[in-house]
Protein chains: 2
Amino acid sequence: MKKDKVTIYDISKKLNISAATVSRALNNNPKISEKTRALVAKTATEMNYKQNRLAQALKNGRTNNVGVIVPYINRSFFSSVIRGIEEELTPQGYHIIICQSHEEAENEIEQLNALLNTQIDGIFMSVSKTTQNTDHIKKAMEEQTPVVFFDRKIDVEGVSSVVLDDFKAGFMATEHLIDQGCKKIAHLSGDINLEIYKNRYEGYKADLQKYDIEYKDELVINTSSKIESGMQAIDELWKLKDKPDAIFSAGDYAALGAIQELKQRGIKIPEEVCVVGFSNEPFTKYMELPITSVDQTPLMMGKIAAQVFLEQVKGDQALSIEKKVVLSPELFIRDSSSRKILNLSDGV
Amino acid sequence: MKKDKVTIYDISKKLNISAATVSRALNNNPKISEKTRALVAKTATEMNYKQNRLAQALKNGRTNNVGVIVPYINRSFFSSVIRGIEEELTPQGYHIIICQSHEEAENEIEQLNALLNTQIDGIFMSVSKTTQNTDHIKKAMEEQTPVVFFDRKIDVEGVSSVVLDDFKAGFMATEHLIDQGCKKIAHLSGDINLEIYKNRYEGYKADLQKYDIEYKDELVINTSSKIESGMQAIDELWKLKDKPDAIFSAGDYAALGAIQELKQRGIKIPEEVCVVGFSNEPFTKYMELPITSVDQTPLMMGKIAAQVFLEQVKGDQALSIEKKVVLSPELFIRDSSSRKILNLSDGV
DNA sequence: TTGTACGCGTTATCAG
DNA sequence: CTGATAACGCGTACAA
């Protein structure tokens, strides 16, 4: 049995004033005498009054809760984005509810509906790999619940998004490899169904073109974000007559697998082959051979997504227009691709 | 302006029955005719009705929301525990609200109070390093809001907890080192103010005693969970006349720093010095020299914490007694401490 | 089996 | 400046 909570009625009775007055005093309503406000405030703390946000939410339709849906919360990237969102929104009085889709569209839909039921004020999400249909997103929009995509988005009319410029990232990574003197650059791509992987791949292709390097299909291997997958890729690539002298992987785990397999074969990194990964996973910088990787600035991504949301809800409803933010990637150059002596900026 | 949501009144009007009947039908109240129940269910979905959990919560005093307070959500350990909690509680209809304390007692208190205001059904937390006072916890208890500590706890009457057997972990790690033939085992300890670090230290001492190895104060170095801290520790230890032949670190980052510094000095691992870390951070297994480490089974910890909570709320209030669960650590033996050829179980 | 009426804790409106 | 009252959406004794 919950201990009885004190309500504004309790304090109104004690002070012989109306509950309405108490409410107004507590909310710093301008048309209330300074005297009563002070009195109410004082007795409120005395009686250990705490405003019931539930009743408040029921009344004004806003819960000050937002939902976040990600594939898995314990992935370094996602948990960092969530941290960014949290740090931006908590000072504004919001609470963050987290859900996992486990990379299943079905779960994603279920979680989203559950969130809508809770009368959430907004939803942040990174779509699952299996999500194709956008009906659930449209449903949220119909209910006027703002949705903000981050990292992985789907095009839906009126939905804002904050993503990385994956094209540029692919371009930068490839350019860096060319800059190291590499000519035959292989690409370990991810699931092309996801926009992010497609863009990284396109960036890679575009940069090759810029430097008049012939694009070869055989140098592009489809991988999953697993270490073994990177190993298998090397296995395949090294069957070629014309072997690559650089690897640009769309994921750090595949890059790591590639490195392990290359070492296994006695191939020197970066002298014979340069390797660049993607995501700047924490482990990349801790290796004996630290791995060059593209950083997705997850904290920043979370903070900006939060800001986009705040603009959306604070602005007049008429102003709440779709906003597309594209963040610039940062390349952290480390030993796995540093043939030149410049070992650039890289905090521990 | 939110689009008008359909309520039970809308559907009652449409069907010319009372809202009460609709409510009952929706809640599968036994005393309702199968015919009306089906009819209500059908039109409910037709009208796209969604129950307002807010109103429901206000009514029955339960929100089906729980709060989780951790120092930082993007630490591998914490995000994994949260994942465990989420996966256990979501199927039961709960939502998880996350907060960060940033290792500051002040924030922790603020977040906890904010959660209590939202009428949360329970709170999971790992206390911050600076938390000494327990008034805020007691306050939650007074309001009959169950609190479950995980990993880092503080003793408070009536509060359940799920923690690792850190003593055993320290003991196991040390024993493993002795088993490898090490005689002079140094310990990089953490902040002794936190119970967990104290227990690891005590476990270390106890195991030395078991094997009649003299405990030496000079072999215990206080470190923070930073790489540099581990390096400095080696710096200090190697000033000793009698240098250690093993390092048991209470954290993986300090262990990594120690390894880097040892390599720098040309000391062979594990031949000359064996190293064991703590937490089984993802990077430990990806290193060229994979690091032996104690796993804290975070996913399991989260799931069990969730179960303890569920028992607490489901059981009759009289039964909700304090429950203390202690989990057994798992030692993942890897190359940094494997002198013998047995390279035990270790999934990628 | 179903309907009526009230309350959960707040806030907004309308008087005064 | 303050008080009375309705309403947010739902669940539930009580009555029918």
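Looking at Asp10(B), its side chain does come within 3.5 Å of a backbone N or O of Thr7(B) through a donor-acceptor pair. Looking only at distances, a side-chain donor or acceptor of Ser33(B) sits under 3.5 Å from a matching main-chain atom of Thr36(B).
A salt bridge is defined here as a Lys NZ or Arg NE, NH1 or NH2 lying under 4.0 Å from an Asp or Glu carboxylate O, and Arg37(A) with Glu34(A) meets this definition. Using a cut-off of 4.0 Å between Lys/Arg side-chain N and Asp/Glu carboxylate O, Arg152(A) and Glu108(A) are scored as not salt-bridged. Ion pairing between a basic and an acidic side chain is recognised when a charged N comes within 4.0 Å of a carboxylate O; Glu142(B) and Lys138(B) show no such pairing.
The distance between atom CD1 of Ile11(B) and atom C1' of dG9(D), rounded to the nearest whole Å, is 13 Å. Separating the CZ atom of Arg62(A) from the P atom of dA12(C) is a distance of 12 Å, rounded to the nearest angstrom. Whole-Å rounding puts the Leu54(B) CG to dA7(D) C1' distance at 15 Å. Remark: P of dG9(D) and CD of Gln119(A) are 9 Å apart, rounded to the nearest angstrom. Counting to the nearest Å, the C1' atom of dA12(C) and the CD1 atom of Ile32(A) are 13 Å from each other. Between the P atom of dG16(C) and the NZ atom of Lys31(A) lies a distance of 16 Å, rounded to the nearest Å. Atom-to-atom, CG of Leu15(B) to C1' of dT2(C) comes out at 13 Å; the value is rounded to the nearest Å.
In Met300(A), the CE atom is not crowded: 12 or fewer heavy atoms of neighbouring residues, nucleotides or ligands sit closer than 6.0 Å.
Nucleic acid contact for Leu58(B): base, since at least one base atom lies under 4.0 Å from a heavy atom of the residue. In this structure, Ile17(B) reaches the sugar-phosphate backbone alone: every heavy-atom distance under 4.0 Å involves primed, P, OP1 or OP2 atoms, never a base.
One finds no side-chain N or O of Thr36(A) lying less than 4.0 angstrom from the OP1 or OP2 phosphate oxygen of dC1(D).
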Nucleotide by nucleotide, nucleotides 10-16 of chain D touches protein heavy atoms under 4.0 Å in the pattern (B base, S sugar-phosphate only, - none) BBBB---
